[in-house]
Every structure is written in structure tokens, then in C-alpha cells.
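Heads up, the thing below is written out as C-alpha cells.
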Amino acid sequence: MTSQQSSQNAAPNRPLRVAVVGGGIGGLTAAAALVARGIDAHVYERGADLREEGEGMHLGPNASRLLLRLGLGSALTASGVRPNALEVRAFHDGSVVARQEMGQSWEERFSAPYLTLRRQDLHSMLSSLVPPERIHTGAELAGFEENAEGVRLWFADGRQEWCDVLVGADGVHSRVRRSVAGADAAVYSGNSALRGLVATADMPHLDPSLMYLYAGPSGRVLLYPVSGGTHFTYVVVTEAPEGDAESWTSVTDVSDLDALLAGWSSEVRSLIPAAGQVRRWALYDREPLDRWSTARTTLLGDAAHPMLPHHGQGANQAIEDGVALAICLEGAAKGADGIAAALSRYEEARRPHTTRVQLGSRADKPSQEGKNMSNNVNANVNWILENDVQANLNNNSNNIDNWNNGNNNSNNSNNNSNSNNGVDNTIANNLVNVA
Ligand code: FAD
């Protein structure tokens, strides 16, 4: 890195230059939020093009409110679904045992919509917010070196870059995390998930304005609408011995699904002939980190806090990280000390909160200890859905994470106890802890 390139003092009025390594949901959100604030952000993605794997995802109001502010309202309306309710049904006969109303009432409750959508739809929306010349594909970070002047990056193809701030948004196997926080090991949860997409036309008994959860002795089946309701994503979580790699994309045979759902109602079993390609996802997380940042480098998303999917929050937390980081860097004082202070403010805002989400997701893992795997559907996640990281940072210069201290006033606030037409409504807010 030459001093001409790197020194803020050489060109005191130039915008901060931020290198975001990784063009997933977290990296693109960060880049979009940084660019929107006039920061010279660039994304370096190792893939030959920007692509997102996987089927569906839940977008909680904690993240959707941030994306609406980034201008994605019409795109989210076009491809997202706002489910009206979650129905918990008996695995053996499909009868409704509990129902959580969502839709408008949830939107009012949390001041932003709860959406389900394809992961790639969200990914393309986010990439549309980053000018193409700031997205560098085929750029696999091979190493970096930080000093008082900046950060020098080098890539597998030999190219070199520099920046004032390096953001590791490089996912669960993060190269940047290894340098910042040291090597760590994946922790197997004892669960794996079979998942895929099914056409709504192939399961005509499903209402595409609803989400469904069936919990039986061998697993939990969650079905939720995506792509404007033309398809459902299915996720079948079961106990399984460790064996698969820490991967989202291994393909398995539909006979696994058939065996798992033996004895389940025909309503659930109709998934089997319609299931298409079934992927197996061995569920790993990692221990929360003690630090995310150095003076000029930090982490976000799965690089910072790989978590189990039982709160449906991996991408949601990555989105919160991206916006929080942009707010902190926008407010950074000039020079190395200003950058270091901004990164430390960001980490203080995010690390305690994501640690709690990480550990909460782990605690909510389904197990066969009970009679069926519905044992965790009552976990209360209001404190996650209510979070507004942008308001917290803008309103509170000390940047307190309102939820740091464990208890909060929202616990049980939406637990309408008891029944409605014989249907238990006490599952308030459980739905993100099932996928
Ligand atoms: P990633 O999406 O992993 O992106 C990392 C990027 O970095 C990749 O593009 C990768 O190619 C790139 N990269 C890696 N190394 C390098 C390198 N050395 N140089 C350059 N680039 C590099 N979350 C939710 O919130 N709600 C859900 O409902 C939900 N459902 C899920 C369902 C499934 C099946 C899966 C698999 C995950 C789900 N998640 C969900 C989790 C969520 O998708 C992840 O937590 C989120 O995508 C993490 O985003 P990220 O940008 O941090 O990492």
C-alpha cells in the first residue's frame, strides 16, 4: 500500500474507503447502507458472480424495517409473502392444535412486516442497491495486513487493494475471522434439516397465505410460502448423528424424507412425491466470539456469529449488523482513532445482542426428549423482533443494546393465553424458532 493510496491525511476530504469481503446478504446490506451514506464501499466476492443458494427465509420486522428504510418496500412487496397466521397441526391427522395470528396485527405490533421470501430474491434486491462498479467478483481474499495507515488486501488471483476499513462478511468459514479472533471449531447441534421447495399447485390443500408447523416423533416440519405464494419452502428438522460437512447445499435422496415421515398424516406425506431436490443441512454453530474487531477490521453476519436456524435469524442479524456498521462509520471522526472508536461502538452495539440470539437459537433446538419435537415452540422472541438497531444507535450515543441485560418488558407481552374455538393461541411469536 502506498502512502498516496492509503493515507487519510494525504486527502483529508476523501470519503472513507471500506472493503467488504463477501457478497452475501450481510455484505451486500452493509455495502448498500454504506453507499447510501456517501462512504466509498466496495464488495469483494470470491464467486464468479453474485449468487445466493438456498430456498426460503423469514424476514422479521427487526430486519424488514431496515430494508424498508433502504428503499426496498416495493421489491419486498413484489416477491415477499406476509403470512396471515402460523398453524400448528397434529402430525398424525392434520388437525389444528394452535394458531398464531400474524399479518396486519403483527405488523402493527412490531411496526414493520413479517415476511417470507426466497433468499435469492432478497439477495438480488440488495445487490441492486450497490453500484455495479463497486462489486468485484472473482475476488477471493487470500490475506490482509493492517497498519496505522490502512489495510492492504491481497487476493487469490494476485490483485491487491487497500482500504481504510476491512469488513469480514465472508460467512461461516470466514478467513477474516481467523485473523481477528483466531481459529475456532464448528459445534454440531445433533440436528440436521432436510429442505427444499414445493410448488403450491402440487399441494393444493395448503393455503399460500399461511405457514404450517407439524411436530411429530421424528421431526418438525415447517412449510411457509415464498415467491408470492407460488411455492412453499419446506424444512424438516430431525435428530441425526454428526457426519455431514458444515454445508448448506449437500443433496440427499427423497427416500430420507419418506422414511422420516413414516406414520405421518397424508397431508404431510403429500410432500414426498412433490419434494423435488432435497437438500440436507447439518446444523452447526460456533461459540460466540470475545471480540470482532481490531483498529481497522471488523466482522459481520455469519463470520461474526454463526447461529443455528431455530430463531430464523442468521440473515436478519446480518442485516442489522450491516446497517449498524454503516451508522457507526458514518459518524466516525477523521483518522485512525475515529475509525477504531467507530468499530468499537459497532461491536458494543451488536456483539451482546447477537450473542444472545446465538445462544437462544441453540437453546431452542428441537429434541426427541419429549413425546414429539414441538418442545420449543413456545420460546418468546419478541425481544428479537422488536429490535430497531437504527433507532437505538441514533437515539443513544452510548449505544446501549436495550436487550443486553436479559430480561425485558416485552416478554410475554403477546402471549394471549388460551383458546379460541378450541385452538391454543399461546404460541405467540414462536414461529421463528422452528426453521
Ligand atoms: P454468507 O451468505 O455465507 O455470505 C458470505 C459470502 O462471502 C459468500 O458469498 C462467499 O462466497 C463469500 N466469501 C467467503 N470467503 C470469501 C473470501 N475469502 N473472499 C471473498 N469472498 C468470500 N436466516 C434468517 O435470518 N432467516 C431465515 O429464515 C433463514 N433461513 C435459512 C435457511 C437456510 C436453508 C440457510 C442455509 C440459512 C438460513 N438463514 C436464515 C441463515 C442466513 O441465510 C445466513 O445467516 C446469512 O445468509 C448469512 O449471511 P452472510 O452474508 O453473513 O454470509
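Both counts, for ligands and for their atoms, begin at 1 and track the order of listing. Worth saying up front: this structure is predicted, and the values here are computed from it rather than measured.
Some N or O of N316 is nearer than 3.5 Å to an N or O of ligand 1, by distance alone. Distances between N or O atoms of R175 and those of ligand 1 include no value under 3.5 Å. Looking at A303 next to ligand 1, no N or O pair under 3.5 Å apart turns up. Looking at ligand 1, you won't find any N or O of E55 less than 3.5 Å from one of its N or O atoms. Between A315 and ligand 1, an N or O atom pair is found at a separation short of 3.5 Å. Residue-to-ligand polar distances keep Y224 apart from ligand 1: every N/O pair is separated by 3.5 Å or more. Between G314 and ligand 1, at least one N/O pair is under 3.5 Å apart.
Counting only N and O atoms by type, the side chains of Y284 and E242 include a donor and acceptor under 3.5 Å apart.
Remark: the backbone N or O of G301 is paired with a side-chain donor or acceptor of H305 at under 3.5 angstrom. No donor-acceptor pair closer than 3.5 Å links the side chain of T233 to the backbone N or O of Y224. Formation of a donor-acceptor pair under 3.5 Å by the R17 side chain with backbone atoms of A41 is not found in this model.
Shown here are the side-chain contact (heavy atoms from CB on, under 4.5 Å) partners of T200, two or more places apart in sequence or in another chain: P208, F232.
Ligand-side atoms of ligand 1 in range of A169: 5 (C), 6 (C), 7 (O), range being under 4.0 angstrom from any heavy atom. Atoms of ligand 1 found under 4.0 Å from any heavy atom of Y44, numbered from 1 in the order shown, are 20 (C), 21 (N). Applying the 4.0 Å criterion to heavy atoms of V21 picks out, from ligand 1, the atoms 19 (N), 20 (C). Residue G301 approaches ligand 1 through these ligand atoms, each under 4.0 Å from one of its heavy atoms: 52 (O). Set against the non-hydrogen atoms of A139, the atoms of ligand 1 under 4.0 Å away are 19 (N), 20 (C). Atoms of ligand 1 lying under 4.0 Å from any heavy atom of G171, numbered from 1 in the order shown and given with element: 3 (O), 5 (C), 53 (O). Close approach of ligand 1 to I25 (heavy-atom distance below 4.0 Å) involves ligand atoms 51 (O). Residue-ligand proximity, L141 to ligand 1, at heavy-atom distances under 4.0 Å covers atoms 17 (C), 18 (N), 19 (N), 20 (C).
A salt bridge does not link E161 with R152: every distance from a Lys NZ or Arg NE/NH1/NH2 to an Asp or Glu carboxylate oxygen is 4.0 Å or more. A salt bridge is absent between R119 and E55; no separation between the charged side-chain nitrogens and carboxylate oxygens falls under 4.0 Å.
At least one test fails for R177 against the ring of W292: distance under 6.0 Å to the centre or angle within 45° of the axis.
Residue H311 holds its NE2 atom at 11.0 Å from CD of Q358, rounded to the nearest 0.5 Å.
Nearest to atom 21 (N) of ligand 1 by heavy-atom distance, out of R46, R119, H58, is R46.
Distances shorter than 4.0 angstrom do not occur between any heavy atom of H173 and any atom of ligand 1.
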query: Can F91 and Y214 be said to form a ring-ring contact (aromatic ring centres under 6.0 Å, His included), step by step?
result: CA-CA 5 Å; F91 78 96; Y214 304 81; 9.4 Å; no
Only distances under 3.5 Å count here; give the side-chain donor-acceptor pairs of residues 20-37 to other protein atoms, sequence neighbours excluded, each with its distance to 0.1 Å.
{"from": "T29", "atom 1": "OG1", "to": "I25", "atom 2": "O", "distance (Å)": "2.6"}
{"from": "R37", "atom 1": "NE", "to": "E330", "atom 2": "OE1", "distance (Å)": "3.3"}
{"from": "R37", "atom 1": "NH1", "to": "A33", "atom 2": "O", "distance (Å)": "3.0"}

